[in-house]
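Below you'll find the structure, written out as structure tokens, and then a few comments.
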Amino acid sequence: MADTSVPRFALASGAPGGTRADVLVLFADDSVRPNGAVAAIDRALSGQLLRAAREEGFRGKPEQTFVLHSHGRLPAVRVVLVGTGAPEKMDAESLRQAAGRGIKAAQRVRARSVAVAVPGNPIETLAPVAEGAALGAYRFDQYLTERREERVPLASVRLLVPDGASRSRSLGETLRRVLHVTEAANLARDLVNEPAGQLTPERLAEEASRAAKTHGLELRVSGPRELKKLRMGMFSAVGQGSQNTPRLIEVIYRPKKAAAAKARPVALVGKAITFDSGGLSLKTAENMADMKTDMAGSAAVLGAVQVAAELEPPFPVHGYLGAAENMPSGAAYRPGDVLVSRAGKTVEVTNTDAEGRLVLGDVLTYAVEEKPVAVIDLATLTGACVVALGNWVGGLFSNSDPLANELLEASARAGEAFWRLPLVELQRETLRSEIADMKNLGERWGGAITAAMFLREFVGDTPWAHLDIAGPSQAPRERGYFAKGATGVGVRTLAEFLFHRARR
Ligand code: BES
Ligand code: ZN
Ligand code: ZN
């Protein structure tokens with residue numbers, strides 16, 4: 001998997017005007033009077049920074065970036081201004097976005113070393129700036145063999161904070177924590193971006209095993225025979241049409257202290273369809289094009305458990321990745337088949353493209369058997385959720401208001417947008433089958449809701465939340481700290497959720 005070089009991040013101090021780097025990133029809001037590092041550098045350049053910026057239409061608006069070569073008038077070769085918009089509207093997310101854009105602008109001019117002037121009070125601003133920078137540095141380029149000289153790897157990012165602050169233990173700790181989270185989010189992005197021909201269920205298990213070794217997690221992998229033994233009739237059926245056989249991958253963080261290790265776990269369940277062709281209910285060419293990303297939920301789960309190993313919350317975190325390739329073949333499951341789930345419920349398959357809920361149903365049943373305090377599943381589950389909420393917002397469903405609110409708060413802190421959608425009881429009747437306990441597909445309208453209600457059948461009384469990330473798992477274009485492609489969505493929300501629970 002991607003051994004793409006990751007830049008080294010470090011705290012540093014010293015005046016930005018005396019800082020040697022290929023690029024110096026400065027944050028500029030849209031107020032007329034610049035302050036802090038922007039004003040200092042502008043003075044050092046005799047007013048030419050802001051004059052040139054204004055002449056080029058730079059107004060400090062979000063999404064605006066301006067690059068100026070210093071021609072030897074500063075130790076920094078270039079200055080990059082990133083707009084943060086109205087100062088009164090500035091929040092953690094606008095800092096993350098701006099930092100991400102600054103790093104991307106630096107990479108475009110082939111910078112090896114970047115210094116970022118962290119604006120304001122670093123106790124508040126360091127985390128979002130570092131996070132945006134580390135996420136913004138991500139590139140998926142290991143398959144590019146041409147134009148290598150244009151892809152100079154960024155080697156170091158120094159985060160400039162006021163004198164003395166660079167040796168602050170708590171800032172150092174903040175930076176370390178942020179980098180654990182961004183490393184996990186970038187791992188999730190790598191897994192999602194990896195082509196399905198490479199990332200089979202077996203390979204995903206290997207990647208999980210690698211993460212488990214590095215971070216000291218327990219790992220258990222079950223193959224097709226074990227899935228049958230576990231009576232996961234729905235999960236098995238989805239995987240049976242592919243040469244690349246299914247895997248149930250369990251990754252477990254267990255606290256070192258005995259009391260904490262005995263606490264009830266938080267369970268995280270991820271959909272890992274490594275490729276969704278639709279099966280015999282084959283997708284159109286257009287709809288199939290991006291379906292290597294149908295394992296984004298599980299990538300987020302793996303990332304989150306990896307973060308747990310570093311944050312060390314005082315309770316276990318169980319991650320379950322339900323991995324299968326949904327393919328048409330002579331061995332594939334068929335429309336009309338009736339499957340027996342681990343829970344004992346029978347399900348009539350009316351469409352083999354509604355496969356995620358079948359896999360998740362069995363895995364959720366299995367996960368709640370461990371009596372978790374809460375189970376959270378993440379899945380690129382429905383196109384309907386993308387229709388409802390678009391590309392930048394995920395859907396959240398839950399049978400528990402406190403859990404839903406806790407997740408919404410965590411997602412807001414993380415800067416990952418989710419919107420709660422209702423589990424409308426009337427919608428349940430569209431899943432009624434004549435010959436089995438349920439069908440796997442309801443009517444077209446409200447498809448995201450019906451899919452969530454299908455999952456709810458398998459969680460019993462356990463507090464449960466379902467995050468439909470079909471929209472935000474992929475960015476349709478570069479934006480802020482997102483590159484086009486996988487976003488790693490979910491990792492940061494789950495990390496915030498676990499971090500907050502660890503502290504309460
Ligand atoms: N993996 C898809 C959902 C999806 C769609 C994810 C678009 C990302 C982008 C899921 O398995 C699926 O195929 N859902 C179908 C259900 C259909 C059979 C009604 C869908 O939403 O179109
Ligand atoms: Zn599908
Ligand atoms: Zn799918």
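Whatever order the structure lists ligands and atoms in, that order sets their numbers, starting from 1.
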Taking 4.0 angstrom as the limit and counting only heavy atoms of K271, give me the atoms of ligand 1 inside it, by number and element. 1 (N), 10 (C), 11 (O)
Any chance you could lay out the salt bridge (Lys or Arg N to Asp or Glu O under 4.0 Å) test for K104 and E478, step after step, and finish with the verdict? CA-CA 10 Å; K104 288 194 190 298; E478 181 180 308; 5.2 Å; no
Nearest heavy atom to atom 20 (C) of ligand 1: which of A384, G447, G278, G383 does it belong to? G383
Can you tell me if D353 has an N, O or S atom under 2.8 Å away from the Zn ion (ligand 3)? no
For the residue pair Y320 and Y366, categorise the inter-ring angle as parallel (less than 30°), tilted (30 to 60°) or perpendicular (more than 60°). perpendicular
E425 and R428 ion-paired at < 4.0 Å: no
Which residue owns the protein heavy atom closest to atom 2 (C) of ligand 1, what's the atom, and how far is it? D276 OD2, 3.6 Å
List the atom of L498, the atom of A304, and the distance in Å for their closest heavy-atom pair. CD1-O, 4.0 Å
Nearest protein heavy-atom contact for atom 9 (C) of ligand 1: which residue, which atom, what distance? M291 CE, 3.6 Å
Ignoring hydrogens, just give me the one of L358, D290, T350, D353 whose non-hydrogen atom is nearest atom 15 (C) of ligand 1. D353
Closest protein heavy atom to atom 10 (C) of ligand 1, given as residue, atom name and distance to 0.1 Å: L381 O, 3.3 Å
Are any of the side-chain heavy atoms of L431 and E457 separated by less than 4.5 Å? no
Atoms of ligand 1, numbered as shown, that sit under 4.0 Å from any heavy atom of E355: 11 (O)
Would you call the rings of W464 and H466 parallel, tilted or perpendicular, taking 30° and 60° as the class edges? parallel
Which N/O/S atom belongs to E355 and is the closest one to the Zn ion (ligand 3)? OE2
Geometry at the Zn ion (ligand 3) - K271 NZ versus D294 OD2 angle, rounded to 10 degrees: 100°
If I apply the N/O under 3.5 Å rule, does D294 come out as touching ligand 1? yes
Between E406 and R504, is a salt bridge (Lys or Arg N to Asp or Glu O under 4.0 Å) present by the stated rule, with each step listed? CA-CA 12 Å; E406 199 180 341; R504 74 180 189 187; 3.4 Å; yes
Just jot down the ligand 1 atoms closer than 4.0 angstrom to any heavy atom of N351, in number order. 18 (C)
Could you check whether any side-chain N or O of Y138 sits under 3.5 Å from a backbone N or O of T182, counting only pairs where one atom can act as donor and the other as acceptor? no
Check the pair S281 / T352 against side chain to side chain donor-acceptor pair (under 3.5 Å), numbers first and verdict last. CA-CA 5 Å; S281 312; T352 61; 3.1 Å; yes
Please determine whether any non-hydrogen atom of Q474 lies less than 4.0 Å from an atom of ligand 1. no
Tell me if a side-chain donor or acceptor on E325 pairs with a main-chain N or O of F275 at a distance below 3.5 Å. no
Specify which N/O/S atom of D276 comes nearest to the Zn ion (ligand 3), by atom name. OD2
Quick one: does ligand 1 sit under 4.0 Å from the side chain of K283, the backbone, both or neither, non-hydrogen atoms only? side chain
Atoms of ligand 1 less than 4.0 Å from L441 heavy atoms? 19 (C)
